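Only one structure is covered here, and it is reproduced in the block below.
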Amino acid sequence: MPAKNTVHNSAENDIEKEGIAPENEMDSLEDEAEEDEADTDDVNSDEEDALESDEAPSVLEMDGQPEEDIGKKINQLRLAKGYSQRKLARMAGVTNTSISAIERNKVSPAVNTLKAILLVLGSDLTTFFSDEWKEPKARVVVTPKDLIELSEPSSRVSLKQVYNCSTTKNLGFLIETYQPNSSTEEKIAHEGEEIGTVIEGKVLIRIEETTYLLNEGDSYVIDTIKPHTFINPTDGVTRIVSAHTPTTY
């Protein structure tokens, strides 16, 4: 269907040996301690404000739902719509990294974030957490009409995902078609790895600052965390089949 940083006469010397600062230094240390405490209060206050505005309350705090259900359901809804993670992120007003982390249950989304995502996917909180939620049955055979198109309608690159509705699969598979002189988005990067084979035509794969030319029959193995771009530089159609992990894309 792939997502950082000291203390100073004889009496005073005795005091220092006991590990106690002289009176004038005690006053200074108390003042510093009060300042540090005030600074800490300010930092904690700022962090709490950030959590309240961006992360809290989370869906788990509000609804008490099992964390493992959330990402799986969002992934199912997204693929049923035929949306890529990038498209869903753009339409919901969040980052692609956020969608990836939510689908893999790395984070629990804030309620407002989940509402925005579900609105795009044609659902709502009530339905999402309903006891009537039914998981689609996994298919063994995936026909051409069951393939999920991940590219935009206007794109000259078609990325069709082989999706059988399984919630436990660990591997994603794409059938890719590149029209003459077309390319993917510039410098895509996402967590995971990808393996593919060119079954027709030629393709240029640009990984960071290095470009590789693959002919029909050639295969590639890439770490997708590195920014990469696929380009068909010819006047003919290029076709690729590829597998990737994680299954989210």
Side-chain angles (χ1 to χ4, degrees), residues 1-5 54-55 67-68 70-79 81-110 113 117 120 147-152 155-163 166-178 182-199 202-215 218-233 238-249:
M1 71 193 185
K4 278 189 186 223
N5 168 20
D54 297 333
E55 299 180 11
E67 184 175 358
E68 61 270 21
I70 297 173
K72 178 174 64 177
K73 289 181 177 180
I74 290 176
N75 177 262
Q76 290 174 356
L77 289 172
R78 176 176 66 79
L79 291 176
K81 281 282 190 180
Y83 293 166
S84 66
Q85 288 186 343
R86 292 176 184 81
K87 182 174 182 177
L88 174 57
R90 183 173 64 254
M91 295 177 70
V94 299
T95 65
N96 179 52
T97 302
S98 297
I99 296 296
S100 177
I102 291 170
E103 287 195 359
R104 291 180 293 118
N105 292 307
K106 296 294 185 181
V107 299
S108 177
T113 299
I117 293 171
V120 172
L147 298 175
I148 303 295
E149 177 59 68
L150 299 180
S151 297
E152 298 287 349
S155 176
R156 301 183 67 240
V157 176
S158 171
L159 302 176
K160 293 184 181 294
Q161 186 169 50
V162 179
Y163 176 59
S166 171
T167 61
T168 59
K169 66 188 181 77
N170 298 310
L171 186 67
F173 189 81
L174 293 178
I175 300 173
E176 310 176 28
T177 304
Y178 296 76
S182 63
S183 68
T184 59
E185 297 176 38
E186 184 70 15
K187 296 182 179 180
I188 299 172
H190 52 91
E191 182 182 2
E193 58 183 341
E194 180 177 331
I195 298 175
T197 299
V198 181
I199 60 176
K202 301 175 183 288
V203 69
L204 291 173
I205 303 179
R206 184 175 298 144
I207 304 174
E208 295 183 322
E209 302 304 319
T210 304
T211 300
Y212 305 87
L213 173 63
L214 281 75
N215 296 300
D218 291 340
S219 299
Y220 63 89
V221 181
I222 62 175
D223 178 357
T224 53
I225 199 66
K226 297 179 180 179
H228 54 282
T229 306
F230 286 69
I231 305 166
N232 175 8
T238 294
R239 303 183 196 279
I240 298 174
V241 291
S242 66
H244 60 273
T245 60
T247 57
T248 53
Y249 185 89

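Treat the numbers as computed from the prediction; the structure is a model and nothing was measured. Values reported hereafter were calculated over all heavy atoms of this structure, with side chains retained and with hydrogens, waters and symmetry mates removed.
- In this structure, the side chain of Asn232 does not engage the main chain of Ser182 through any donor-acceptor pair within 3.5 Å.
- The distance from the CD atom of Glu176 to the OG1 atom of Thr184 is 8.5 Å, given to the nearest 0.5 Å.
- Listed for the Thr197 side chain is no donor-acceptor partner under 3.5 Å among the backbone atoms of Ile199.
- A donor-acceptor contact shorter than 3.5 Å is absent between the side chain of Arg78 and the backbone of Ile74.
- Counting only heavy atoms from C-beta outward, the side chains of Tyr83 and Leu150 never approach each other to under 4.5 Å.
- Contact between Ser183 and Val157 at its shortest, heavy atoms only, is O-CG2, 3.3 Å.
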Step by step, would you call Gln76 with Tyr163 a side chain to side chain contact (heavy atoms under 4.5 Å, CB included)?
CA-CA 10 Å; Gln76 290 174 356; Tyr163 176 59; 4.0 Å; yes
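- Legend: residues meeting ring pair (Phe, Tyr, Trp, His ring centres under 6.0 Å) with Phe230, ordered by chain and number and at least two apart, are Tyr220.
- For the pair His244 (side chain) and Ser242 (backbone), a donor-acceptor distance under 3.5 Å is absent.
- Note that CZ of Arg86 and CD1 of Ile99 are 12.0 Å apart. Values are rounded to the nearest 0.5 Å.
- Annotation: side chain of Ile222 is in contact with side chain of Ile207 (closest heavy-atom distance under 4.5 Å).
- Going from atom OG of Ser151 over to atom CG of Leu159 covers 3.5 Å, rounded to the nearest 0.5 Å.
- Using a 3.5 Å distance cut-off with no hydrogens or angles, the side chains of Ser158 and Thr177 do not pair a donor with an acceptor.
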Checking side chain to side chain contact (heavy atoms under 4.5 Å, CB included) for the pair Ile175/Val162: CA distance, chi angles, key distance, verdict?
CA-CA 8 Å; Ile175 300 173; Val162 179; 4.3 Å; yes
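- In summary, the side chains of Ser98 and Thr95 do present a donor paired with an acceptor at a separation below 3.5 Å, with no hydrogens or angles considered.
- Distance check, rounded to the nearest 0.5 Å: CD1 of Ile240 to CD1 of Ile205 gives 6.0 Å.
- Side-chain atoms of Thr224 come within 3.5 Å of backbone N or O of Gly192 as a donor-acceptor pair.
- Between Lys160 and Glu149, at least one side-chain N (NZ, or NE/NH1/NH2) sits under 4.0 Å from a carboxylate O, which counts as a salt bridge.
- Between Glu152 and Arg90 there is a salt bridge, since at least one side-chain N of the basic residue sits less than 4.0 Å from a carboxylate O of the acidic one.
- Closest non-hydrogen pair, Lys202 versus Leu213, comes out as CB-CD1, 4.3 Å.
- Between the NZ atom of Lys226 and the CD atom of Glu209 there is a distance of 12.5 Å, given to the nearest 0.5 Å.
- At a cut-off of 3.5 Å, with distance as the only test, no side-chain donor of Arg206 or Thr210 sits close to an acceptor on the other residue.
- Rounded to the nearest 0.5 angstrom, Thr97 OG1 and Lys106 NZ are separated by 13.5 Å.
- Judged purely by distance below 3.5 Å, without hydrogens or angles, the side chains of Thr229 and Glu185 never pair a donor atom with an acceptor atom.
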Carefully, step by step, assess Leu174 and Val241 under the rule side chain to side chain contact (heavy atoms under 4.5 Å, CB included).
CA-CA 6 Å; Leu174 293 178; Val241 291; over 6 Å; no
